[in-house]
Amino acid sequence: MRLPPADSALVQIVDAHLLDAAQRAGPMLACRVGCTQCCYGAFPINMLDALRLRSGLAELRASDPLIADAVERRARAWITEHGKRFSVDLETGLLAVEDESEGGFEDFSADAACPALDPATGRCDVYAWRPMTCRVFGPPVRAVGETGEEGLGHCELCFIGASPEQVAACEMHVPHELEDKLVEEVTGHANGPGETVVAFALVHRSFDPASDDSLHER
């Protein structure tokens with residue numbers, strides 16, 4: 001699998017939409033460095049996210065190997081402590097089908113920090129390459145709920161006391177179609193196949209971008 005060149009365009013679009021939503025929200029959007037509530041627990045990520053994380057870790061290893069080593073150590077420790085919670089194909093690093101739905105993560109420990117989180121600084125060490133779920137968390141984002149109804153959801157720490165109209169005025173638009181297209185380009189199939197979690201993506205060699213041989217030297 002290769003990280004599509006167009007992923008950089010997707011990231012730029014999403015980041016621009018986030019900045020626009022944040023400017024409209026002003027102080028109602030509480031997200032800031034050191035606010036780490038959304039960095040605990042686990043959630044599924046797609047193959048595009050996984051490849052982006054691995055590419056980012058390679059860049060980090062070249063620029064700051066000490067931080068890259070720390071990220072990998074935390075990822076391996078996370079897998080040792082929490083990995084048995086998930087059914088993972090050891091060859092591919094993918095979650096078993098029964099673990100791919102969001103529902104399978106609802107009861108996961110909220111005390112489990114993401115391995116990308118530096119506990120000393122409260123910063124994400126792979127922030128520039130973080131998954132799309134992380135990029136869009138905080139401002140109001142339109143999604144379809146379990147009952148099939150569409151609505152706006154946002155971080156519970158944000159928009160406290162805001163009216164529905166104020167929340168709607170700060171909606172962040174997400175380019176789902178472009179992301180789906182790139183996932184299909186990566187996997188060869190629409191909507192898949194497979195998902196993983198951040199810890200596995202950071203250390204499982206199947207997510208090394210095939211175009212970068214330097215990742216296979218270690």
Which value, rounded to the nearest 0.5 Å, describes the distance between [X] atom [atom1] and [Y] atom [atom2]?
{"X": "His176", "Y": "Asp180", "atom1": "NE2", "atom2": "CG", "answer": "8.0 Å"}
{"X": "Phe43", "Y": "Cys134", "atom1": "CZ", "atom2": "SG", "answer": "3.5 Å"}
{"X": "Asp7", "Y": "Arg2", "atom1": "CG", "atom2": "CZ", "answer": "15.0 Å"}
{"X": "Thr121", "Y": "Asp118", "atom1": "OG1", "atom2": "CG", "answer": "3.5 Å"}
{"X": "Leu60", "Y": "Ser55", "atom1": "CG", "atom2": "OG", "answer": "12.5 Å"}

Spell out, yes or no, whether [X] and [Y] are grouped together once hydrophobic residues are joined by side-chain heavy atoms under 4.5 Å, including indirect joins.
{"X": "Val167", "Y": "Val136", "value": "no"}
{"X": "Met132", "Y": "Val183", "value": "yes"}
{"X": "Leu3", "Y": "Leu10", "value": "yes"}
{"X": "Val141", "Y": "Phe137", "value": "no"}

[X] and [Y]: which non-hydrogen atoms are nearest, and at how many Å?
{"X": "Ala168", "Y": "Leu152", "value": "CA-CD1, 3.7 Å"}
{"X": "Glu171", "Y": "Ala21", "value": "O-CB, 4.4 Å"}
{"X": "Arg24", "Y": "Ala169", "value": "NH1-O, 2.7 Å"}
{"X": "Gly93", "Y": "Ser206", "value": "N-OG, 4.2 Å"}
{"X": "Pro139", "Y": "Cys170", "value": "CB-O, 4.5 Å"}
{"X": "Phe159", "Y": "Ala25", "value": "CZ-CB, 3.7 Å"}

Does any non-hydrogen side-chain atom of [Y] lie less than 4.5 Å from one of [X]?
{"X": "Val11", "Y": "Arg135", "value": "yes"}
{"X": "Pro115", "Y": "Val71", "value": "no"}
{"X": "Leu57", "Y": "Arg54", "value": "yes"}
{"X": "Leu53", "Y": "Val126", "value": "yes"}
{"X": "Ile79", "Y": "Phe200", "value": "yes"}
{"X": "Leu48", "Y": "Glu185", "value": "no"}
{"X": "Leu66", "Y": "Asp64", "value": "yes"}
{"X": "Cys39", "Y": "Cys124", "value": "no"}

Q: Any pair with a residue in residues 25-38 that passes side-chain hydrogen bond (donor to acceptor under 3.5 Å, both in side chains), sequence neighbours left out, goes on the list, sorted by first then second residue, please.
A: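 The answer is Gln37-Glu156.
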Are [X] and [Y] ion-paired here, with the side-chain N under 4.0 Å from a carboxylate O?
{"X": "Asp49", "Y": "Arg130", "value": "no"}
{"X": "Arg73", "Y": "Asp69", "value": "no"}
{"X": "Glu72", "Y": "Arg61", "value": "yes"}

Q | Backbone of Leu95 reached by a side-chain donor or acceptor of Thr196 within 3.5 Å | A |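 No: the side chain of Thr196 does not pair with the backbone of Leu95.
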Q.
Between His154 and Gly138 (side chain of the first, backbone of the second, donor and acceptor by atom type, cut-off under 3.5 Å), is there such a pair?
A.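 Pair absent, no side-chain N/O of His154 close to backbone of Gly138.
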Q. Taking the six-membered ring for Trp, are Phe86 and Trp78 parallel (under 30°), tilted (30 to 60°) or perpendicular (over 60°)?
A.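 Because their plane-to-plane angle is under 30°, the rings of Phe86 and Trp78 count as parallel.
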Q. How would you list, by chain and number, every residue that makes a side chain to side chain contact (heavy atoms under 4.5 Å, CB included) with Thr92, sequence neighbours excluded?
A.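 Per chain and number, Thr92 pairs via side chain to side chain contact (heavy atoms under 4.5 Å, CB included) with Asp89, Leu94.
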Q) In chain order, what residues pass the side chain to side chain contact (heavy atoms under 4.5 Å, CB included) check against Ala113, with sequence neighbours excluded? A)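 Result, side chain to side chain contact (heavy atoms under 4.5 Å, CB included) vs Ala113: Tyr40, Leu117.
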Q.
Are more than 12 heavy atoms, taken from residues, nucleotides or ligands other than Arg123, located less than 6.0 Å from that residue's CZ atom?
A.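 Open.
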(Q) For a side-chain contact (heavy atoms from CB on, under 4.5 Å) check, start with the C-alpha distance between Arg74 and Asp125, then their side-chain angles and the critical distance, and finish with the verdict. (A) CA-CA 11 Å; Arg74 293 196 298 264; Asp125 282 336; 2.8 Å; yes
Q. Yes or no on side-chain contact (heavy atoms from CB on, under 4.5 Å) for Asn46 and Glu179, after CA distance, side-chain angles and deciding distance?
A. CA-CA 10 Å; Asn46 60 40; Glu179 183 184 15; 3.1 Å; yes
